[in-house]
Amino acid sequence: MKEFSVVIAGGGSTYTPGIVMMLMDSLDRFPIRSLKLYDNNAARQEPIAKAVGLALKKLAPQVAFSYTTDPVEAFTDVDFCMAHIRSGGYPMREKDEKIPLQHGVVGQETCGPGGIAYGMRSIPDVIQLIDYMEQYSPNAWMLNYSNPASIVAEACRVLRPKAQIINICDMPVGTLRRMSYIVGKTPKDLDVRYYGLNHFGWWTSVKGKDGTDYTPQLIDYVSKNGYLTQKAIETQHMDESWQATHKKAADLLAVTPDCLPNTYLKYYLFPDYVVEHTNPNYTRANEVIDGREKKVFGAAHRIIEAGEFHGDEFEIDNHASFIVDLARAIAYNTHERMLCIVENKGAIANFDPHAMVEVPCLVGSDGPEPLCQGEIPTFQLGMMQQQVAVEKLVVQAYCEHSYQKLWQALTLSKTVPSAKVAKEILDDLIEANKDYWPELH
Ligand code: G6P
Ligand code: MN
């Protein structure tokens, strides 16, 4: 049986240990011979890598492990790159969230002006990863979580159309897990129909493999409780602010009562509510810095101090299981059905064929094959047309270094009330991002 070589780009991410644990847990179905961590921030990667190294020593000493900041070393002789980089790190996420809020606008990691700002930082960094991979391991696949996934995916389509990259998101998988609790199944028992853009979509059907239709039951449940579930064995999306987001799905559903909404739609459908309920001085970035960061890095330091991994220090989450399933689907041509962000090409029949959409795909060794979702209703179509134009304008602005197009992108975002406010936010974002963005003119 072939054994694979994997590099994780964004080695210093708080999600890296979970992916490594999942890989260790999956060795019998996805054997690996080599695991490398790569990050351009040596200081951040170091504790994670040392702790992960100790875990591997205990769990799978036969797997060659190394970590590096050198792209040649990282990308040579690999089959898969699992990427989850954060350009600018949490300090820049904090600015993405706080600057729009200063103007009374949604401040969010991937939605609205914050997501646009992050997109402008991520594009060159993800493209650089693709180029390293293509140069040093031309047959490899990149499985990419790096956000904002919709803008990143559009940039890949435009700038590296032939690259073997699959852009993905763990939100629908996380929500499907909640749905599976509601109907008393496991996520693997369920097949969905879903359409949208990343962080911007709807489930039209959730069925058991035996054909049982759970959609009406789920719609009834979500209309009362959102995606809040009693069963709380999740490790991801559990903080109080996330619970509020799961709950808010009840209000999202009221707008489109025959399909189940992605939680991220709250930023577009209820932006005023979101702003009112956000502390502009302590945003999600602060929660993560004080929460997940401390937890994961704390665990890493304890392992290093003990000089030994005990077994329960790191948790596996949806994020990890999805990306390993995806690697398996490509490696073994399984044709497992999974949501991926792909060029539409008719999958949503009445939508731009060149838009990057999130739909169910059959994933095999040639990558994802999108499944046709048919025509979508006017309301969702209108929202998606507006949002996809925002995403395309961001990529055009990046490529052309165009202030005008970026201003148009912000102006068109459903989260922003006027061209005036868009310009004010943009000017602040330009100042905050001057070390990252190309100079706009
Ligand atoms: C979900 C999304 C990711 C996003 C994350 C933020 O998992 O799919 O794209 O990065 O939420 O979670 P956080 O806990 O960092 O706010
Ligand atoms: Mn996501």
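Residue indices begin at 1 and follow the sequence shown. As the structure lists them, so they are numbered: ligands from 1, and atoms in each ligand from 1.
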Near Q236 (heavy-atom distance under 4.0 Å), the atoms of ligand 1 are 7 (O)

In ligand 1, which numbered atoms sit nearer than 4.0 Å to a non-hydrogen atom of C169? 8 (O)

Looking only at the side chains, is there a donor atom on one of H246 and N225 sitting less than 3.5 Å from an acceptor on the other? no

So what's near the Mn ion (ligand 2), protein N, O or S atoms under 2.8 Å? C169 SG, H199 NE2

When you check the gap from the basic side-chain N to the acidic O, do E287 and R284 get nearer than 4.0 Å? yes

Shortest non-hydrogen contact between V388 and A355, atoms and distance: CG2-CB, 3.7 Å

Between H199 and ligand 1, which part of the residue brings a heavy atom under 4.0 Å of the ligand: side chain, backbone, both or neither? side chain

Would you say the rings of F200 and Y268 are close, in the sense that their centroids are separated by under 6.0 Å? yes

For Q385 and D352, does a side-chain donor sit closer than 3.5 Å to a side-chain acceptor? no

For R93 and ligand 1, answer yes if some heavy atom of the residue is under 4.0 Å from a ligand atom, otherwise no. yes

Using a 4.0 Å heavy-atom cut-off, say whether Y145 meets ligand 1 through its side chain, its backbone, both or neither. neither

Decide side chain to side chain contact (heavy atoms under 4.5 Å, CB included) for Y67 and K36; before the verdict, give the C-alpha distance in whole Å, the side-chain angles of both, and the deciding distance to 0.1 Å. CA-CA 5 Å; Y67 61 101; K36 294 185 266 192; over 6 Å; no

Check the angle between the aromatic planes of F4 and F30 and answer parallel, tilted or perpendicular using the 30° and 60° thresholds. parallel

Can you tell whether the side chains of D239 and R292 come within less than 4.0 Å, N to carboxylate O? no

Pair E369 + R337, salt bridge at N-O below 4.0 Å: no

Does even one non-hydrogen atom of H319 get within less than 4.0 Å of ligand 1? no

Do the two ring centres, one from W202 and one from Y194, sit under 6.0 Å apart? no

Does the side chain of T245 pick up a donor-acceptor pair with the side chain of K266 at under 3.5 Å? yes

At a 4.0 Å threshold, what atoms of ligand 1 neighbour a non-hydrogen atom of M171? 1 (C), 8 (O)

Counting non-hydrogen protein atoms only, what is the nearest one to atom 6 (C) of ligand 1? Give residue, atom name and distance. E109 OE1, 3.4 Å

How close does the nearest protein non-hydrogen atom get to atom 8 (O) of ligand 1, and which residue and atom is it? D170 OD1, 2.6 Å

Lys/Arg-Asp/Glu bridge criterion (N-O < 4.0 Å) met for E305, K50: no

Quick check with a 6.0 Å cut-off and a 45 degree axis cone: is K248 positioned over the face of F270's six-membered ring? yes

With a heavy-atom distance limit of 4.0 Å, tell me whether Y118 approaches ligand 1 through its side chain, its backbone, both, or neither. neither

The closest protein heavy-atom partner of atom 12 (O) of ligand 1 is W242 CZ2, 3.7 Å

Under 4.0 Å, heavy atoms only, figure out whether ligand 1 is touched by the backbone of Q108, its side chain, both or neither. neither

Residue, atom name and distance, where the atom is the protein heavy atom closest to atom 5 (C) of ligand 1: Y264 OH, 3.8 Å

Inspect the contact between E293 and R44 and indicate whether a charged nitrogen and a carboxylate oxygen are less than 4.0 angstrom apart. yes

If we only count N/O pairs under 3.5 Å, is Y90 in contact with ligand 1? no

Name the orientation class of the two ring planes belonging to F75 and Y132 (parallel below 30°, tilted from 30 to 60°, perpendicular beyond 60°). tilted

Ignoring hydrogens, just give me the one of H237, E293, R292 whose non-hydrogen atom is nearest atom 15 (O) of ligand 1. R292

Considering heavy atoms of the protein only, find what lies nearest to atom 9 (O) of ligand 1 and give residue, atom and distance to 0.1 Å. N147 ND2, 2.7 Å

In terms of residue, atom name and distance, what is the protein heavy atom nearest to atom 14 (O) of ligand 1? R284 NH2, 2.6 Å

Near V288 (heavy-atom distance under 4.0 Å), the atoms of ligand 1 are 15 (O)

